[in-house]
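Written out below as structure tokens is the structure these notes cover.
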Amino acid sequence: MALKAGASVLRLTALRSTAVRLLSTHTRPEVEQNKTKNAEFPGAKAPYVTEMKFLNETSYDPIPIYRVLDNDGSVIEKREEPSIDKDELINMYKTMVQITQLDKILYESQRQGRISFYMTNYGEEGIHIGSAAALDPRDLVFSQYREVGVFLYRGVTVTELINQCYGNHEDSGKGRSMPIHYGDKQRNLVTISSPLGTQIPQAVGAAYALKRQPDNDRCVICYFGDGAASEGDAYAAFNFAATLDCPVILFCRNNGYAISTPTSEQYKGDGIAARGPSLGINTVRVDGTDTLAVYNAVKQAREFAIANNKPVLIEAMSYRVGHHSTSDDSTAYRSVEEIQKWANDESPLLKFKLYLESKGIWSEDAEKATLKESRDRVVRTMQDAEKKKLPHWKEMFEDVYYDMPPRIQKQMQQMGEHLKKYPDKYPLDKFQTD
Ligand SMILES: Cc1ncc(C[n+]2csc(CCOP(=O)(O)OP(=O)(O)O)c2C)c(N)n1
């Protein structure tokens with residue numbers, strides 16, 4: 001009883017003080033002013049409102065998609081046309097053609113059992129070349145796996161790429177990684193690794209290291225897919241990039257699919273770009289089938305990132321025209337009509353070619369010659385790569401430890417004895433020898 005009486009006294013007192021508070025808020029003029037003033041919480045400086053409302057993706061307009069070229073290759077707004085000299089424009093287009101030829105032939109070579117795996121880049125050539133052309137060769141590149149054009153544009157040769165896919169002794173990775181896991185230290189291209197998203201925090205860390213160097217004039221670019229953007233690593237990396245003020249371009253290739261998962265199942269809301277402003281990152285969404293739009297976005301992102309030591313998020317919208325990889329048949333989860341529409345009407349190569357033609361610097365003859373040259377280069381190189389020996393079997397025991405521990409030395413010795421005992425059981429003639 002005593003408790004109950006006590007509780008009702010407390011309730012009465014609380015009611016009275018609420019009433020006093022309410023009355024006073026309606027009467028005190030300084031409180032009137034507070035309504036229009038921004039709140040000054042440590043975690044949010046924002047206006048107060050008196051209407052309780054949830055916000056969601058429909059509360060805002062979708063982030064627009066920046067483009068320079070129309071589908072017919074014409075420049076929409078003259079002021080947006082970048083000034084790129086003729087030779088570079090031609091080099092950009094030729095590299096795009098080289099990507100498609102590399103893809104066609106290596107894809108087939110996997111089908112013929114000559115290499116174990118391959119991933120094509122169809123539909124994303126404009127992303128590779130537009131971004132690579134806007135970077136400085138000293139900028140550090142972290143890629144996912146579908147960015148071979150960036151490697152080509154940096155000067156990695158078709159021979160080096162094919163040696164990697166064949167895993168022969170001339171592969172700088174010594175045949176230890178799956179095909180397409182390229183890397184090139186001299187050209188500032190960090191070796192690709194398969195686990196999705198791991199490169200994103202690494203890239204942010206590298207950008208942080210760059211910013212700590214005196215007079216830094218380099219940035220880091222990190223490519224990742226819409227699927228990889230769902231990894232926890234991506235969120236952590238975005239937030240570190242923003243809070244630690246890192247000169248990194250976070251470049252999302254949104255090609256509509258993560259293997260068979262369409263973006264409609266990958267995320268709700270307005271794509272990857274919408275995450276940028278929410279974390280305080282300068283963000284732009286571009287048409288990834290428009291090489292010039294990608295070029296402008298990366299060029300400005302680079303300048304901004306270096307001048308301000310801040311990240312930029314770019315979401316390049318595109319379509320993965322090929323199957324996910326040689327292990328996939330994408331017609332199981334999307335229609336052939338859908339693929340054809342993007343392959344034909346929105347081809348980044350076609351748009352760029354029409355642009356070059358409109359400038360009078362490209363012709364059908366040049367097209368034919370470039371196609372033949374790039375196809376022949378791949379076929380010739382592939383035949384050479386096949387003849388090259390595979391790395392010495394001892395390589396698989398090396399390079400992990402600076403000084404090989406006794407247990408690994410023992411395994412290597414046992415392997416040597418085993419091969420001596422059963423030489424006819426292994427294709428030893430295909431491997432380098434001592
Ligand atoms: C951590 C991790 N989970 C799953 C996979 C298997 N996997 C390889 S590629 C891929 C899809 C990635 O899609 P996206 O990032 O959109 O890139 P895209 O292949 O479309 O270029 C998945 C799920 C992986 N490699 N690593």
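We count ligands from 1, going down the list as the structure has it; atoms in each ligand are counted the same way.
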*Set of side chain to side chain donor-acceptor pair (under 3.5 Å) partners for Lys310, sequence neighbours left out*: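 Applying side chain to side chain donor-acceptor pair (under 3.5 Å) to Lys310 gives Asp245.
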
*Does the pair Lys353/Glu364 count as a salt bridge with the N-to-O cut at 4.0 Å?*
yes

_Sidechain N-carboxylate O distance under 4.0 Å for Glu315, Arg275_ = no

*Counterpart residues, side-chain contact (heavy atoms from CB on, under 4.5 Å), relative to Ala366 (two or more places apart)*: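 Expected list: Trp362, Ser363.
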
*asked:* Strictly under 4.0 angstrom, heavy-atom based: which residues surround ligand 1?
replied: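 If the criterion is a heavy atom under 4.0 Å, then ligand 1 touches Gln144, Tyr145, Arg146, Ser194, Pro195, Leu196, Gly225, Asp226, Gly227, Ala228, Glu231, Arg253, Asn255, Tyr257, Ala258, Ile259, His324.
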
_Residue from Val286, Thr289, Val68 passing side chain to side chain contact (heavy atoms under 4.5 Å, CB included) with Val294_ = Val286

*asked:* List the residues meeting salt bridge (charged side-chain N to carboxylate O under 4.0 Å, His left out) with Asp139, not counting sequence neighbours, and say none if there are none.
replied: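 Arg302.
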
